[in-house]
Amino acid sequence: MLQLAPLMADEKERKTLEERHQMSDLERLRHSCAHVLATAVSRIWPDAQFAAGPPVEGGFYYDVDLEHRITPDDFEKIEAEMKKVVKENAPFERITVSRDEAMALAKSGRLASVAERDVESVFKVDLLNDIPEDEEISIFKNGDFWDLCAGPHVGRTGNCKAYKVMSVASAFYQGDKNNKSLQRIYGTCFKNKTMLEEHLERLEEAKKRDHRKLGREMGLFTFDDSVGQGLPLWKPKGGIIRRELQDFISAELDKQGYYQVFTPHIGKLDLYRTSGHFPYYEDSQFPPIVEREALKKLSDEGATCSDLMNHVSAGTIDGFLLKPMNCPHHIKIFDSEHRSYRDLPVRLAEFGTVYRWEQSGELGGLTRVRSFTQDDAHLFCTDEQLGEEIQQCLGLVKTVLGTLGMQDYGVRLSLRDPDSDKYVGDPASWDKAEAALREAIQTLGVEYTEEPGEAAFYGPKIDFVVKDVIGRDWQLGTVQVDYNNPERFDLSYIGSDNKPHRPVMIHRAPFGSLERFVGLLIEHFEGKFPTWLAPEQVRVLPISEKFSEAAQALVSELTEAGVRVKVDDTGDKIGAKIRLARMDRVPYLAVIGAREVEENSVSVRHRDQGDLGSISTNDFVSRIKEDISNRSL
RNA sequence: GCCGCUGUAGCUCAGGGGUAGAGCAAUUCACUCGUAAUGAAUAGGUCGUCGGUUCAAUUCCGACCAGCGGCUCCA
């Protein structure tokens, strides 16, 4: 295993070099702009030590180690210096050098710098050592700034016409938390000023769709300090959306032969010792709950906290865990009966709430929380049934995302990293499981990427990934194959040969978690939920208080028909009522005045389709009922 | 958890060593109105929390809490 490590690193390095040579024009421009940024920073702070400066989605960054802490106040100064560099219009010159020559430059501090220094270019020395023997080494010069770089670049610094320093953050050198923390300066660059302006405008627009902002404005969910960080509180309107989604999933489950079960939020530590969650994932769990009597006894003995922890780890005193997963509970339900091959597959589903001690710095909005509800299910089947079951699961995820109009997702086949020891189970089972998933995903005919090292500790998985408004990837739906837990829990069924066999397990969740899914759904719809999901589906707007009674009659009729309806009977003018209703993103507005009362009709205005004119009350009610039952978008 | 930034009314934000302001929202009253803002009045804040410096702190300093961006992590 140890011998594999350097090989893997080399392969990775080669891949990124290849990728660099395949840069798009825009990436080439942005990477060049990163050099312009570095030139400017190096001029302002000559002690700056640069690490890597690649193009990224939406721009570029350059990692720098620097005594001075760069703050947004410095951006203007940096941009002003960049402007000079651009104006000088120096060509980007590529020079091939020998390893020794490159090392000599790096040692004299000349790389990633505008001058020689009395310290070496530490990160460049390090990078040089990582370049494979047979790799050509190149240096790019723009004016006084020389950098170790594979390129490619644009012709001249003057090509970087439209750029902006966006933000500064910290990042570990080479992404390893044991390494030094560097300052990462983010910037962006476009072919021209117009495109840059448009990009910045899009970012502003995107922020308005942020689910954290909309969730508060629309009264969907909230957080409270005294409840705790990362513990979402679903308010009534958010609760409606959640319930509708659950009902939708439940209906699909009924069609596909699932059974819903209910299990407690806690389980004994031994359960998780068997599954492997405890103690291997202890850091990401809420601490165990220890029985009062055991605590009292230890305290009487004068035990310390570490004594307590030792006892818990050793299993000499018992405790409970807030469940980080639903699988062990479902496994115990499967195991509660003798199972014959005729019973399989057994499909157990639950909207199961789990608790994970995510790092505080990682929490945010609904997308990363400490308590969330999975639309979870575990399938127990035979080896022969596995392929078909996986495909059915993938089909369900597709149906669910399709119903909501979420077509813009990525599919990721997450495999184990053969170089890591975090996985449980034997390699043969892993190979089988990975092959089964790969086959299913290919049969499904969607594009996907294979990601070694992204698997769960108990098995490989297929994930559906969606971007949020600021471009971050989030895993939603998932289908995972597990040969390990059936082994660990010694599960069996009786086969047609009248002998016990080991079932295979599938973990799957089409939404992933309701919290994260709703977060991304808010952004997907910009808060304008389709009628079936909208917390308020119709708002009745009487022209004046004289028509309150007629409005109330319509409300009763709609409520009777199962429509979520409210009336705006304030003294506002109709224009103001419409404005408010639109800001609340209500799909249907029904205006009632003298004319409508006379005709027994309503004047209907749809959120997205505009004025629908005068519609008879009956037609209006049936139209909305249809809209809801079709779950139309 | 780490690095950085931020925290003033329900929301968006101004202000600033001598204990606070606007707009919107809310409440009340008047208006009874035809498709994106009718007018007036009222109320609303221990300036995130706890310490320190000071005659005096919301303002300066520190710790903590929370939010944001990124990193690391994500069974």
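Lettering of chains follows the sequences in order, A, B, ..., and the numbering in each one begins at 1.
- Look at CG on A/Asp569: it is 16 Å from P on B/C33, rounded to the nearest Å.
- Remark: B/A57 base-pairs with no nucleotide; criterion is Watson-Crick or G-U wobble with both hydrogen-bond distances under 3.5 Å.
- With both pairing distances under 3.5 Å, B/A43 is matched to nothing as a Watson-Crick or G-U wobble pair.
- Heavy atoms of A/Ile574 sit under 4.0 angstrom from primed sugar atoms or phosphate atoms, though from no base atom.
- The nearest whole Å value for the distance from the CG atom in A/Asp210 to the P atom in B/G69 is 7 Å.
- Taking atom P on both nucleotides, B/C11 is separated from B/G45 by 14 Å, rounded to a whole Å.
- Residues A/Asp65 and A/Lys180 are paired through a salt bridge, judged by an N-O separation under 4.0 Å between the basic side chain and the carboxylate.
- Here the side chain of A/Ile470 is nearest to one of B/A75, B/G4, B/G69, namely B/G69.
- Between A/Arg356 and B/C73 there is no side-chain polar atom (N or O) within less than 4.0 angstrom of OP1 or OP2.
- Using a 4.0 Å heavy-atom cutoff across all strands shown, A/Arg212 reaches sugar-phosphate atoms only and no base atom.
- Look at A/Lys546 and you'll find a side-chain N or O under 4.0 angstrom from OP1 or OP2 of B/C33.
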Passes side-chain hydrogen bond (donor to acceptor under 3.5 Å, both in side chains), A/Ser548 versus A/Asp569? Steps please.
CA-CA 7 Å; A/Ser548 286; A/Asp569 52 9; 5.4 Å; no
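- As rounded to whole Å, 15 Å separates atom P of B/A66 from atom CG of A/Leu233.
- The nucleotide B/G34 finds no pairing partner, because no Watson-Crick or G-U wobble arrangement with both distances shorter than 3.5 Å includes it.
- If you measure from atom NE2 of A/His277 to atom C1' of B/A75, you get 5 Å, rounded to the nearest angstrom.
- Ring pair A/Phe620/A/Tyr588 is perpendicular by interplanar angle, where above 60° counts as perpendicular and below 30° as parallel.
- The side chain of A/Ser181 lies closest to B/C3, out of B/C3, B/G34, B/A75.
- For the C1' atom pair drawn from B/A75 and B/C64, the interatomic distance equals 32 Å after rounding to whole Å.
- Pair check for B/C50 finds B/G62; Watson-Crick or G-U wobble, both atom distances under 3.5 Å.
- Between A/Arg472 and B/G70 there is a side-chain polar atom (N or O) within less than 4.0 angstrom of OP1 or OP2.
- Rounded to an integer number of Å, the gap from A/Gln183 CD to B/C71 P is 15 Å.
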Apply side-chain hydrogen bond (donor to acceptor under 3.5 Å, both in side chains) to residues A/Asn326 and A/Gln374 and explain how you reach the verdict.
CA-CA 9 Å; A/Asn326 300 304; A/Gln374 301 175 311; 3.0 Å; yes
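- A/Arg488 contributes a side-chain N or O that, together with a main-chain N or O of A/Thr274, makes up a donor-acceptor pair within less than 3.5 Å.
- Between the base of B/G34 and the side chain of A/Glu596 there is a donor-acceptor pair shorter than 3.5 Å.
- Using a 4.0 Å heavy-atom cutoff across all strands shown, A/Ala594 reaches at least one base atom of the nucleic acid.
- Checking the phosphate oxygens (OP1, OP2) of B/A75, a side-chain nitrogen or oxygen of A/Lys461 falls inside 4.0 Å.
- Using a 4.0 Å cut-off, some side-chain N or O of A/Gln229 falls inside it from OP1 or OP2 of B/G67.
- Closest to the A/Tyr186 side chain, of the nucleotides B/C71, B/C74, B/A75, is B/C71.
- Applying the Watson-Crick and G-U wobble criteria (two distances, each under 3.5 Å), B/G67 pairs with B/C5.
- Expressed to the nearest 0.5 Å, how far CZ of A/Phe511 lies from OG1 of A/Thr373 amounts to 12.5 Å.
- Judged by distance alone, with hydrogens and angles left aside, A/Ser170 brings a side-chain donor or acceptor within reach of the base of B/G70, the pair sitting under 3.5 Å.
- Contact annotation: A/Arg184 side-chain N/O to B/C2 OP1/OP2 distance is not under 4.0 Å.
- Taking atom C1' on both B/C50 and B/U42, the two are 35 Å apart, rounded to the nearest angstrom.
- Applying the 5.5 angstrom centroid cut-off and the 30 degree plane-angle cut-off, the aromatic ring of A/Phe457 is not stacked upon the base of B/A75.
- At whole-Å resolution of the value, CZ in A/Arg416 and C1' in B/A75 are 17 Å apart.
- In this structure, B/G17 makes no Watson-Crick or G-U wobble pair, since no nucleotide meets both defining distances under 3.5 angstrom.
- For A/Tyr173 and A/Phe123, the distance between ring centers is under 6.0 angstrom.
- Listed nucleotides B/A75, B/U35, B/G34 differ in distance to A/Ile578; the shortest reach to its side chain belongs to B/U35.
- The base of B/C74 sits within donor-acceptor range of the side chain of A/Arg368, with an N or O pair under 3.5 Å.
- B/C74: no Watson-Crick or G-U partner with both key distances under 3.5 Å is found in any strand.
- Which of B/G1, B/C31, B/C5 sits closest to the side chain of A/Thr71 comes down to B/C5.
- Using cut-offs of 30° and 60° on the angle between ring planes, the pair A/Tyr272 and A/His277 is perpendicular.
- Across the protein-nucleic acid pair, A/Asn178 atom CG and B/C3 atom P stand 15 Å apart, rounded to whole Å.
- In the set B/G70, B/A37, B/U38, the nucleotide with an atom closest to the side chain of A/Lys573 is B/U38.
- When rounded to the nearest whole Å, the span between CG of A/Asn179 and C1' of B/C71 equals 12 Å.
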